[in-house]
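What follows is one structure encoded as C-alpha coordinates, with my remarks underneath.
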Protein chains: 2
Amino acid sequence: MSDQILTRMRNWITNCGLTDGARLPPERTLCAELGVNRTELRKALLVLEAEGHVTRHVGRGTFLSKAPKSNKGGRIDDTIVALAESTSPFEAMNARLVVEPQIARLAAMHATPKHLQELRRLTAQMRDASTWARYEELDGAFHEMIADAAGNTLLQAVHKIINRVRLVVVWRKIDTTAPGPTAGYHSFAEHDAIVDALERRKGGDAAAAMQAHLDSTLAAMTAPHHDSDV
Amino acid sequence: MSDQILTRMRNWITNCGLTDGARLPPERTLCAELGVNRTELRKALLVLEAEGHVTRHVGRGTFLSKAPKSNKGGRIDDTIVALAESTSPFEAMNARLVVEPQIARLAAMHATPKHLQELRRLTAQMRDASTWARYEELDGAFHEMIADAAGNTLLQAVHKIINRVRLVVVWRKIDTTAPGPTAGYHSFAEHDAIVDALERRKGGDAAAAMQAHLDSTLAAMTAPHHDSDV
DNA sequence: CAAGATAGAATGGTCAACCAATTTTGTCTC
DNA sequence: GAGACAAAATTGGTTGACCATTCTATCTTG
(Lines give C-alpha, C1' and ligand atoms only; values in the text may rest on other atoms or scores of the structure.)
Protein backbone atom coordinates (compact mmCIF):
# COMPACT_ATOMS: atom_id res chain seq x y z
CA MET A 1 0.00 0.00 0.00
CA SER A 2 2.65 2.44 1.04
CA ASP A 3 4.53 1.43 -2.05
CA GLN A 4 1.67 2.66 -4.12
CA ILE A 5 1.60 6.09 -2.59
CA LEU A 6 5.36 6.32 -2.93
CA THR A 7 5.02 5.69 -6.66
CA ARG A 8 2.24 8.24 -6.88
CA MET A 9 4.42 10.78 -5.14
CA ARG A 10 7.28 10.10 -7.53
CA ASN A 11 4.97 10.59 -10.47
CA TRP A 12 3.46 13.68 -8.92
CA ILE A 13 6.90 15.20 -8.49
CA THR A 14 7.93 14.53 -12.08
CA ASN A 15 4.63 15.83 -13.43
CA CYS A 16 3.99 18.83 -11.23
CA GLY A 17 6.23 21.01 -13.35
CA LEU A 18 8.28 22.25 -10.44
CA THR A 19 11.97 22.89 -11.02
CA ASP A 20 14.84 21.89 -8.77
CA GLY A 21 14.85 23.70 -5.48
CA ALA A 22 11.17 24.56 -5.72
CA ARG A 23 8.93 24.20 -2.73
CA LEU A 24 6.28 21.51 -2.63
CA PRO A 25 2.81 22.21 -1.29
CA PRO A 26 2.46 21.72 2.46
CA GLU A 27 1.90 18.18 3.66
CA ARG A 28 -1.69 18.81 4.64
CA THR A 29 -2.48 20.21 1.21
CA LEU A 30 -0.82 17.31 -0.58
CA CYS A 31 -2.79 14.92 1.58
CA ALA A 32 -6.06 16.36 0.34
CA GLU A 33 -4.83 16.49 -3.23
CA LEU A 34 -3.68 12.88 -3.33
CA GLY A 35 -6.49 11.65 -1.14
CA VAL A 36 -4.33 10.01 1.52
CA ASN A 37 -3.90 10.73 5.18
CA ARG A 38 -0.94 12.58 6.49
CA THR A 39 0.84 9.57 7.98
CA GLU A 40 0.93 7.75 4.65
CA LEU A 41 2.17 10.83 2.86
CA ARG A 42 4.87 11.40 5.43
CA LYS A 43 6.11 7.83 5.02
CA ALA A 44 6.54 8.45 1.31
CA LEU A 45 8.27 11.76 1.98
CA LEU A 46 10.62 10.09 4.44
CA VAL A 47 11.77 7.64 1.78
CA LEU A 48 12.13 10.39 -0.80
CA GLU A 49 14.18 12.33 1.71
CA ALA A 50 16.40 9.33 2.43
CA GLU A 51 16.92 8.95 -1.31
CA GLY A 52 17.92 12.57 -1.49
CA HIS A 53 15.08 13.68 -3.74
CA VAL A 54 13.61 16.17 -1.31
CA THR A 55 14.73 18.09 1.74
CA ARG A 56 12.46 19.25 4.56
CA HIS A 57 12.64 22.07 7.08
CA VAL A 58 10.34 22.73 10.00
CA GLY A 59 8.29 25.83 9.42
CA ARG A 60 9.62 26.31 5.90
CA GLY A 61 8.37 23.41 3.89
CA THR A 62 9.50 20.57 1.65
CA PHE A 63 11.77 21.29 -1.30
CA LEU A 64 12.96 19.41 -4.36
CA SER A 65 16.67 18.67 -4.10
CA LYS A 66 19.02 20.22 -6.57
CA ALA A 67 21.38 17.23 -6.55
CA PRO A 68 18.90 14.41 -6.35
CA LYS A 69 21.20 11.43 -6.30
CA SER A 70 23.55 11.65 -3.36
CA ASN A 71 24.33 8.21 -2.08
CA LYS A 72 24.25 8.53 1.70
CA GLY A 73 25.71 5.11 2.25
CA GLY A 74 23.18 3.12 0.33
CA ARG A 75 24.96 0.64 -1.87
CA ILE A 76 28.43 0.57 -0.42
CA ASP A 77 27.51 -2.55 1.50
CA ASP A 78 28.89 -4.81 -1.18
CA THR A 79 32.13 -2.88 -1.12
CA ILE A 80 32.34 -3.31 2.63
CA VAL A 81 31.99 -7.06 2.76
CA ALA A 82 34.35 -7.56 -0.15
CA LEU A 83 37.02 -5.45 1.53
CA ALA A 84 36.44 -7.05 4.90
CA GLU A 85 37.34 -10.44 3.50
CA SER A 86 40.88 -9.38 2.74
CA THR A 87 41.56 -7.01 5.61
CA SER A 88 43.08 -7.78 8.99
CA PRO A 89 42.17 -5.93 12.19
CA PHE A 90 45.66 -4.50 12.27
CA GLU A 91 45.32 -3.13 8.77
CA ALA A 92 41.98 -1.62 9.64
CA MET A 93 43.40 0.16 12.65
CA ASN A 94 46.34 1.42 10.63
CA ALA A 95 44.00 2.79 8.01
CA ARG A 96 42.22 4.65 10.76
CA LEU A 97 45.52 6.02 11.98
CA VAL A 98 46.23 7.37 8.51
CA VAL A 99 42.89 9.01 7.90
CA GLU A 100 41.33 10.09 11.16
CA PRO A 101 43.97 12.47 12.51
CA GLN A 102 43.87 14.39 9.23
CA ILE A 103 40.10 14.40 9.36
CA ALA A 104 40.26 15.83 12.85
CA ARG A 105 42.59 18.53 11.56
CA LEU A 106 40.06 19.52 8.90
CA ALA A 107 37.22 19.32 11.41
CA ALA A 108 38.95 21.91 13.57
CA MET A 109 38.53 24.34 10.70
CA HIS A 110 35.04 23.40 9.55
CA ALA A 111 33.09 22.17 12.58
CA THR A 112 29.95 24.15 13.35
CA PRO A 113 28.77 24.88 16.89
CA LYS A 114 26.07 22.30 16.28
CA HIS A 115 28.74 19.69 15.58
CA LEU A 116 30.62 20.57 18.73
CA GLN A 117 27.47 20.46 20.80
CA GLU A 118 26.65 16.99 19.49
CA LEU A 119 30.18 15.81 20.22
CA ARG A 120 29.90 17.02 23.80
CA ARG A 121 26.59 15.24 24.15
CA LEU A 122 28.08 12.00 22.84
CA THR A 123 31.04 12.12 25.22
CA ALA A 124 28.61 12.52 28.11
CA GLN A 125 26.49 9.62 26.91
CA MET A 126 29.54 7.41 26.55
CA ARG A 127 30.34 7.95 30.22
CA ASP A 128 26.88 6.62 31.05
CA ALA A 129 27.03 3.58 28.77
CA SER A 130 26.01 0.51 30.72
CA THR A 131 27.29 -2.08 28.23
CA TRP A 132 30.24 -2.28 25.87
CA ALA A 133 27.95 -2.70 22.92
CA ARG A 134 26.22 0.56 23.78
CA TYR A 135 29.57 2.28 24.22
CA GLU A 136 30.79 1.01 20.87
CA GLU A 137 27.78 2.51 19.15
CA LEU A 138 28.24 5.89 20.74
CA ASP A 139 31.95 5.84 19.99
CA GLY A 140 31.18 5.10 16.35
CA ALA A 141 28.75 7.99 16.28
CA PHE A 142 31.39 10.23 17.84
CA HIS A 143 33.98 9.50 15.15
CA GLU A 144 31.42 9.77 12.38
CA MET A 145 30.34 13.14 13.68
CA ILE A 146 33.92 14.38 13.41
CA ALA A 147 34.14 13.07 9.86
CA ASP A 148 30.95 14.92 9.07
CA ALA A 149 32.36 18.07 10.63
CA ALA A 150 35.42 17.87 8.36
CA GLY A 151 33.20 18.99 5.51
CA ASN A 152 34.62 16.78 2.78
CA THR A 153 32.08 14.41 1.26
CA LEU A 154 34.66 12.04 -0.17
CA LEU A 155 36.69 11.84 3.01
CA GLN A 156 33.53 11.23 4.97
CA ALA A 157 32.66 8.33 2.70
CA VAL A 158 36.18 6.93 3.01
CA HIS A 159 36.01 7.19 6.76
CA LYS A 160 32.69 5.39 6.80
CA ILE A 161 34.09 2.58 4.64
CA ILE A 162 37.14 2.12 6.83
CA ASN A 163 35.13 2.06 10.02
CA ARG A 164 32.51 -0.31 8.79
CA VAL A 165 35.19 -2.66 7.52
CA ARG A 166 36.85 -2.43 10.91
CA LEU A 167 33.58 -3.21 12.67
CA VAL A 168 33.00 -6.29 10.55
CA VAL A 169 36.54 -7.51 11.06
CA VAL A 170 36.83 -6.78 14.76
CA TRP A 171 33.33 -7.21 16.10
CA ARG A 172 33.54 -10.85 17.06
CA LYS A 173 36.08 -10.10 19.73
CA ILE A 174 33.68 -8.02 21.74
CA ASP A 175 31.54 -9.48 24.47
CA THR A 176 28.30 -7.58 24.04
CA THR A 177 27.02 -8.54 27.47
CA ALA A 178 30.05 -7.26 29.33
CA PRO A 179 29.41 -4.28 31.59
CA GLY A 180 30.38 -0.91 30.18
CA PRO A 181 33.66 0.94 30.65
CA THR A 182 34.63 2.04 34.14
CA ALA A 183 34.77 5.67 35.20
CA GLY A 184 38.48 6.04 34.60
CA TYR A 185 38.46 4.53 31.13
CA HIS A 186 41.26 6.14 29.12
CA SER A 187 39.14 6.96 26.07
CA PHE A 188 36.96 9.39 28.02
CA ALA A 189 39.75 11.87 28.61
CA GLU A 190 41.07 11.31 25.07
CA HIS A 191 37.69 12.11 23.55
CA ASP A 192 37.52 15.23 25.67
CA ALA A 193 40.96 16.29 24.49
CA ILE A 194 39.86 15.92 20.87
CA VAL A 195 36.73 18.00 21.33
CA ASP A 196 38.71 20.60 23.29
CA ALA A 197 41.12 20.99 20.38
CA LEU A 198 38.24 21.24 17.92
CA GLU A 199 36.59 23.95 19.99
CA ARG A 200 39.81 25.91 20.18
CA ARG A 201 40.16 25.50 16.40
CA LYS A 202 43.63 24.04 16.78
CA GLY A 203 43.96 21.66 13.84
CA GLY A 204 47.38 20.40 14.86
CA ASP A 205 46.24 19.68 18.40
CA ALA A 206 43.12 17.92 17.15
CA ALA A 207 45.18 15.70 14.85
CA ALA A 208 47.62 14.91 17.65
CA ALA A 209 44.82 14.17 20.11
CA MET A 210 43.14 11.87 17.62
CA GLN A 211 46.38 10.08 16.91
CA ALA A 212 47.04 9.64 20.63
CA HIS A 213 43.54 8.28 21.07
CA LEU A 214 43.93 5.73 18.29
CA ASP A 215 47.42 4.80 19.46
CA SER A 216 46.21 3.99 22.93
CA THR A 217 43.29 2.09 21.45
CA LEU A 218 45.66 0.05 19.33
CA ALA A 219 47.85 -0.52 22.38
CA ALA A 220 44.81 -1.79 24.28
CA MET A 221 44.12 -4.23 21.46
CA THR A 222 47.69 -5.49 21.63
CA ALA A 223 47.86 -5.64 25.42
CA PRO A 224 47.53 -9.06 27.05
CA HIS A 225 44.28 -10.30 28.63
CA HIS A 226 42.55 -6.95 28.63
CA ASP A 227 39.20 -5.94 27.20
CA SER A 228 39.43 -4.52 23.73
CA ASP A 229 38.92 -0.88 23.15
CA VAL A 230 37.84 0.82 19.96
CA MET B 1 19.33 13.43 13.66
CA SER B 2 17.56 10.55 11.98
CA ASP B 3 20.47 9.97 9.67
CA GLN B 4 22.52 8.98 12.66
CA ILE B 5 20.15 6.32 13.80
CA LEU B 6 19.85 4.94 10.30
CA THR B 7 23.61 4.44 10.20
CA ARG B 8 23.52 2.85 13.62
CA MET B 9 20.83 0.47 12.44
CA ARG B 10 22.89 -0.46 9.38
CA ASN B 11 25.88 -1.16 11.58
CA TRP B 12 23.76 -3.07 14.02
CA ILE B 13 22.41 -5.26 11.26
CA THR B 14 25.83 -6.06 9.85
CA ASN B 15 27.20 -6.83 13.31
CA CYS B 16 24.34 -8.61 15.01
CA GLY B 17 25.42 -11.93 13.58
CA LEU B 18 22.01 -12.73 12.13
CA THR B 19 21.85 -14.52 8.81
CA ASP B 20 19.62 -13.72 5.88
CA GLY B 21 15.99 -14.29 6.59
CA ALA B 22 16.46 -14.14 10.34
CA ARG B 23 14.05 -12.25 12.48
CA LEU B 24 15.11 -9.04 14.17
CA PRO B 25 14.16 -8.28 17.76
CA PRO B 26 10.77 -6.57 18.16
CA GLU B 27 10.69 -2.85 17.64
CA ARG B 28 10.08 -2.13 21.29
CA THR B 29 13.09 -4.21 22.29
CA LEU B 30 15.35 -2.59 19.72
CA CYS B 31 14.23 0.82 20.96
CA ALA B 32 15.48 0.06 24.44
CA GLU B 33 18.65 -1.53 23.15
CA LEU B 34 19.60 1.36 20.89
CA GLY B 35 18.31 3.98 23.27
CA VAL B 36 15.91 5.67 20.89
CA ASN B 37 12.17 6.01 20.91
CA ARG B 38 9.98 3.91 18.72
CA THR B 39 9.14 6.60 16.19
CA GLU B 40 12.80 7.22 15.39
CA LEU B 41 13.48 3.53 15.07
CA ARG B 42 10.47 3.04 12.81
CA LYS B 43 11.67 5.82 10.53
CA ALA B 44 14.97 4.02 10.09
CA LEU B 45 13.19 0.71 9.52
CA LEU B 46 10.97 2.33 6.90
CA VAL B 47 14.02 3.43 4.93
CA LEU B 48 15.67 0.04 5.29
CA GLU B 49 12.45 -1.54 4.07
CA ALA B 50 12.30 0.81 1.08
CA GLU B 51 15.88 -0.17 0.28
CA GLY B 52 14.91 -3.80 0.46
CA HIS B 53 17.14 -4.73 3.37
CA VAL B 54 14.30 -5.81 5.65
CA THR B 55 10.68 -6.90 5.32
CA ARG B 56 8.00 -6.42 7.94
CA HIS B 57 4.78 -8.22 8.79
CA VAL B 58 2.17 -7.27 11.33
CA GLY B 59 2.13 -9.70 14.20
CA ARG B 60 5.10 -11.65 12.88
CA GLY B 61 8.04 -9.29 13.09
CA THR B 62 10.82 -7.74 11.02
CA PHE B 63 13.09 -9.94 8.94
CA LEU B 64 16.35 -9.52 7.11
CA SER B 65 15.85 -9.79 3.38
CA LYS B 66 17.44 -12.71 1.64
CA ALA B 67 18.19 -10.94 -1.60
CA PRO B 68 18.27 -7.20 -1.09
CA LYS B 69 16.34 -5.94 -4.06
CA SER B 70 19.31 -5.81 -6.11
CA ASN B 71 20.79 -4.10 -8.80
CA LYS B 72 23.51 -6.58 -8.32
CA GLY B 73 25.69 -5.84 -11.28
CA GLY B 74 27.21 -2.67 -10.00
CA ARG B 75 29.61 -3.40 -7.15
CA ILE B 76 32.40 -0.96 -6.59
CA ASP B 77 31.65 1.03 -9.73
CA ASP B 78 28.34 2.09 -8.27
CA THR B 79 30.14 3.38 -5.25
CA ILE B 80 32.46 5.39 -7.45
CA VAL B 81 29.84 7.09 -9.56
CA ALA B 82 27.59 7.72 -6.57
CA LEU B 83 30.43 9.36 -4.69
CA ALA B 84 31.51 11.29 -7.75
CA GLU B 85 28.12 12.93 -7.99
CA SER B 86 28.52 14.61 -4.65
CA THR B 87 32.24 15.33 -4.76
CA SER B 88 33.99 18.40 -6.09
CA PRO B 89 37.45 18.33 -7.68
CA PHE B 90 38.74 20.31 -4.73
CA GLU B 91 37.41 17.76 -2.27
CA ALA B 92 38.93 14.95 -4.29
CA MET B 93 42.36 16.57 -4.25
CA ASN B 94 42.07 17.25 -0.53
CA ALA B 95 41.25 13.63 0.11
CA ARG B 96 44.39 12.71 -1.80
CA LEU B 97 46.40 15.12 0.32
CA VAL B 98 45.12 13.41 3.42
CA VAL B 99 45.79 9.86 2.37
CA GLU B 100 48.70 9.72 -0.03
CA PRO B 101 51.49 11.24 2.07
CA GLN B 102 50.74 8.74 4.84
CA ILE B 103 50.66 5.96 2.30
CA ALA B 104 54.07 7.06 1.09
CA ARG B 105 55.33 6.98 4.67
CA LEU B 106 54.17 3.38 5.04
CA ALA B 107 55.60 2.49 1.65
CA ALA B 108 59.03 3.60 2.80
CA MET B 109 58.87 0.86 5.38
CA HIS B 110 57.27 -1.87 3.32
CA ALA B 111 58.30 -1.39 -0.30
CA THR B 112 60.16 -4.34 -1.81
CA PRO B 113 63.05 -3.92 -4.26
CA LYS B 114 60.63 -5.08 -6.90
CA HIS B 115 58.32 -2.19 -6.08
CA LEU B 116 61.16 0.31 -6.24
CA GLN B 117 62.34 -1.05 -9.53
CA GLU B 118 58.88 -0.72 -11.01
CA LEU B 119 58.61 2.84 -9.74
CA ARG B 120 61.89 3.76 -11.39
CA ARG B 121 60.72 2.24 -14.61
CA LEU B 122 57.47 4.22 -14.47
CA THR B 123 59.23 7.53 -13.87
CA ALA B 124 61.37 6.87 -16.91
CA GLN B 125 58.37 6.01 -19.04
CA MET B 126 56.57 9.15 -17.95
CA ARG B 127 59.43 11.25 -19.27
CA ASP B 128 58.91 9.60 -22.64
CA ALA B 129 55.15 9.96 -22.76
CA SER B 130 54.12 11.47 -26.08
CA THR B 131 50.56 12.43 -25.07
CA TRP B 132 48.91 13.68 -21.90
CA ALA B 133 46.59 10.70 -21.88
CA ARG B 134 49.56 8.34 -21.87
CA TYR B 135 51.20 10.36 -19.12
CA GLU B 136 48.04 10.26 -17.01
CA GLU B 137 47.93 6.51 -17.34
CA LEU B 138 51.51 6.11 -16.19
CA ASP B 139 51.08 8.60 -13.38
CA GLY B 140 48.07 6.68 -12.15
CA ALA B 141 50.10 3.47 -12.21
CA PHE B 142 52.88 5.20 -10.32
CA HIS B 143 50.64 6.26 -7.47
CA GLU B 144 48.89 2.92 -7.35
CA MET B 145 52.23 1.17 -7.16
CA ILE B 146 53.10 3.19 -4.08
CA ALA B 147 49.76 2.32 -2.52
CA ASP B 148 50.49 -1.31 -3.23
CA ALA B 149 53.93 -0.97 -1.69
CA ALA B 150 52.40 0.38 1.51
CA GLY B 151 51.23 -3.13 2.21
CA ASN B 152 47.79 -2.34 3.59
CA THR B 153 44.91 -3.84 1.64
CA LEU B 154 42.31 -1.50 3.04
CA LEU B 155 44.36 1.62 2.45
CA GLN B 156 45.07 0.46 -1.07
CA ALA B 157 41.35 0.08 -1.71
CA VAL B 158 40.66 3.50 -0.23
CA HIS B 159 43.35 5.01 -2.40
CA LYS B 160 41.85 3.42 -5.47
CA ILE B 161 38.41 4.72 -4.64
CA ILE B 162 39.65 8.26 -4.10
CA ASN B 163 41.60 8.28 -7.33
CA ARG B 164 38.81 6.84 -9.40
CA VAL B 165 36.40 9.38 -8.00
CA ARG B 166 38.92 12.08 -8.80
CA LEU B 167 39.27 10.83 -12.35
CA VAL B 168 35.51 10.87 -12.87
CA VAL B 169 35.21 14.34 -11.43
CA VAL B 170 38.18 15.83 -13.19
CA TRP B 171 38.00 13.93 -16.43
CA ARG B 172 36.53 16.58 -18.66
CA LYS B 173 39.32 18.99 -18.05
CA ILE B 174 41.91 16.89 -19.80
CA ASP B 175 42.59 17.28 -23.47
CA THR B 176 43.59 13.77 -24.49
CA THR B 177 45.03 14.84 -27.81
CA ALA B 178 47.41 17.41 -26.39
CA PRO B 179 51.10 16.62 -26.68
CA GLY B 180 52.77 15.20 -23.61
CA PRO B 181 54.57 17.10 -20.85
CA THR B 182 57.73 18.96 -21.70
CA ALA B 183 61.15 17.94 -20.42
CA GLY B 184 61.16 20.34 -17.50
CA TYR B 185 57.72 19.37 -16.22
CA HIS B 186 57.69 19.83 -12.45
CA SER B 187 56.21 16.41 -11.66
CA PHE B 188 59.24 14.58 -13.01
CA ALA B 189 61.58 15.83 -10.32
CA GLU B 190 58.88 15.42 -7.69
CA HIS B 191 58.35 11.80 -8.61
CA ASP B 192 62.07 11.22 -8.42
CA ALA B 193 62.20 12.80 -4.97
CA ILE B 194 59.48 10.45 -3.77
CA VAL B 195 61.22 7.34 -5.06
CA ASP B 196 64.54 8.55 -3.62
CA ALA B 197 62.99 8.83 -0.18
CA LEU B 198 61.42 5.39 -0.51
CA GLU B 199 64.75 3.85 -1.45
CA ARG B 200 66.46 5.49 1.51
CA ARG B 201 63.61 4.19 3.71
CA LYS B 202 62.93 7.66 5.03
CA GLY B 203 59.22 7.65 5.77
CA GLY B 204 59.08 11.29 6.79
CA ASP B 205 60.87 12.40 3.64
CA ALA B 206 58.61 10.27 1.49
CA ALA B 207 55.49 11.76 3.07
CA ALA B 208 56.88 15.28 2.64
CA ALA B 209 57.85 14.64 -0.97
CA MET B 210 54.42 13.25 -1.75
CA GLN B 211 52.74 16.20 -0.09
CA ALA B 212 54.91 18.62 -2.04
CA HIS B 213 54.03 16.82 -5.24
CA LEU B 214 50.30 16.98 -4.60
CA ASP B 215 50.54 20.59 -3.47
CA SER B 216 52.18 21.66 -6.69
CA THR B 217 49.64 19.62 -8.62
CA LEU B 218 46.83 21.39 -6.80
CA ALA B 219 48.53 24.69 -7.47
CA ALA B 220 48.68 23.84 -11.16
CA MET B 221 44.95 23.13 -11.11
CA THR B 222 44.30 26.49 -9.53
CA ALA B 223 46.72 28.42 -11.75
CA PRO B 224 45.22 30.41 -14.65
CA HIS B 225 45.23 29.13 -18.25
CA HIS B 226 47.63 26.31 -17.68
CA ASP B 227 47.28 22.64 -18.49
CA SER B 228 46.06 20.60 -15.57
CA ASP B 229 48.36 18.21 -13.86
CA VAL B 230 47.38 15.12 -11.96
C1' DC C 1 -4.79 -38.76 23.29
C1' DA C 2 -5.62 -35.87 19.15
C1' DA C 3 -7.92 -32.18 16.92
C1' DG C 4 -10.05 -28.10 17.18
C1' DA C 5 -11.47 -23.90 19.53
C1' DT C 6 -10.30 -20.01 22.23
C1' DA C 7 -8.33 -16.49 25.02
C1' DG C 8 -4.33 -13.98 25.76
C1' DA C 9 0.18 -12.09 24.52
C1' DA C 10 3.16 -10.22 21.18
C1' DT C 11 4.00 -7.41 17.23
C1' DG C 12 3.83 -4.10 13.49
C1' DG C 13 0.57 -0.26 12.02
C1' DT C 14 -2.36 3.93 12.55
C1' DC C 15 -4.28 8.20 14.17
C1' DA C 16 -5.26 12.69 16.36
C1' DA C 17 -3.66 15.87 19.35
C1' DC C 18 0.13 18.46 20.46
C1' DC C 19 5.02 20.56 19.81
C1' DA C 20 8.67 23.57 17.78
C1' DA C 21 10.61 26.26 14.17
C1' DT C 22 9.60 29.61 10.70
C1' DT C 23 7.18 32.90 8.20
C1' DT C 24 3.68 36.20 7.75
C1' DT C 25 0.87 39.83 9.34
C1' DG C 26 -0.62 43.51 12.18
C1' DT C 27 0.28 47.35 15.10
C1' DC C 28 2.61 50.74 17.36
C1' DT C 29 6.20 54.24 17.63
C1' DC C 30 9.02 57.68 15.75
C1' DG D 1 6.57 56.07 5.62
C1' DA D 2 10.18 53.06 8.11
C1' DG D 3 11.41 50.28 11.44
C1' DA D 4 10.68 47.31 15.40
C1' DC D 5 8.31 44.32 17.91
C1' DA D 6 4.82 40.98 18.93
C1' DA D 7 1.02 38.09 17.88
C1' DA D 8 -0.91 34.82 14.80
C1' DA D 9 -0.80 31.62 11.11
C1' DT D 10 1.83 28.10 8.72
C1' DT D 11 4.46 23.98 8.50
C1' DG D 12 7.16 19.89 9.44
C1' DG D 13 8.02 16.89 13.72
C1' DT D 14 6.76 14.11 17.84
C1' DT D 15 4.22 11.56 21.18
C1' DG D 16 1.19 8.14 23.40
C1' DA D 17 -2.76 5.66 23.11
C1' DC D 18 -5.07 2.55 20.38
C1' DC D 19 -5.88 -0.85 16.25
C1' DA D 20 -5.19 -5.24 13.33
C1' DT D 21 -2.78 -9.25 12.63
C1' DT D 22 -0.29 -13.24 14.05
C1' DC D 23 1.52 -16.46 17.30
C1' DT D 24 1.22 -19.44 21.47
C1' DA D 25 -0.40 -21.72 25.24
C1' DT D 26 -4.44 -23.66 27.22
C1' DC D 27 -8.81 -25.72 27.39
C1' DT D 28 -12.62 -28.54 25.38
C1' DT D 29 -14.42 -32.41 23.32
C1' DG D 30 -14.85 -36.61 20.61
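Every heavy atom of this structure was used, including side-chain atoms; hydrogens, water molecules and symmetry mates were not. Chain naming here is simple, since letters A, B, ... match the order of the sequence lines and numbering starts at 1 in each.
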Report task. Salt-bridge test for A:R42 and A:E49: reply yes if a basic N is under 4.0 Å from a carboxylate O, no otherwise. Result -> no
Query raised in the report: Can you check side-chain contact (heavy atoms from CB on, under 4.5 Å) on A:T62 and A:T55, steps first, answer last?
Result: CA-CA 6 Å; A:T62 303; A:T55 58; over 6 Å; no
Report task. Could you tell me whether the phosphate oxygens of C:dG13, OP1 or OP2, come under 4.0 Å of any side-chain nitrogen or oxygen in B:R56? Result -> yes
**Report entry** For B:E91 against A:G151, the heavy-atom pair lying closest together
**Finding:** OE2-O, 3.6 Å
Requested in this report: Give the rounded distance in Å between these two atoms: CG of B:L24 and C1' of C:dG12.
Outcome: 13 Å
Query raised in the report: Is the closest side-chain donor-acceptor distance between A:H191 and A:T123 under 3.5 Å?
Result: no
Report task. Please state how far atom CG in A:L41 lies from atom C1' in C:dA16, giving the value in whole angstrom units. Result -> 16 Å
Query - Polar side-chain atom of A:R201 near backbone of A:A111 as donor-acceptor pair, under 3.5 Å - result: yes
Query raised in the report: Are A:Q117 and A:R120 close enough that a side-chain donor and a side-chain acceptor fall under 3.5 Å?
Result: no
Query raised in the report: OP1 or OP2 of C:dT11 less than 4.0 angstrom from a side-chain nitrogen or oxygen of B:R28, does that happen here?
Result: no
Would you tabulate the pairs of protein nitrogen or oxygen atoms and nucleotide nitrogen or oxygen atoms of nucleotides 20-24 of chain D closer than 3.5 angstrom?
unit_1 : atom_1 : unit_2 : atom_2 : d
D:dC23 : OP1    : B:R60  : NE     : 3.4

Query - Integer-rounded Å distance: C:dT22 P and A:F63 CZ - result: 12 Å
Between the protein and nucleotides 14-16 of chain D, list the N/O to N/O atom pairs that are separated by less than 3.5 angstrom.
unit_1 : atom_1 : unit_2 : atom_2 : d
D:dT14 : OP2    : B:K43  : NZ     : 2.9
D:dT15 : OP1    : B:N37  : ND2    : 3.4
D:dT15 : OP2    : B:N37  : ND2    : 2.5

Requested in this report: For residues A:H213 and A:H143, establish whether the separation of their ring centroids is below 6.0 Å.
Outcome: yes
Query - Under 4.0 angstrom between A:T62 side-chain N/O and D:dT11 OP1 or OP2 - result: no
Query raised in the report: In whole angstrom, what separates B:E49's CD from C:dG12's C1'?
Result: 10 Å
Query raised in the report: Charged N to carboxylate O under 4.0 angstrom, A:D148 versus A:K160?
Result: no
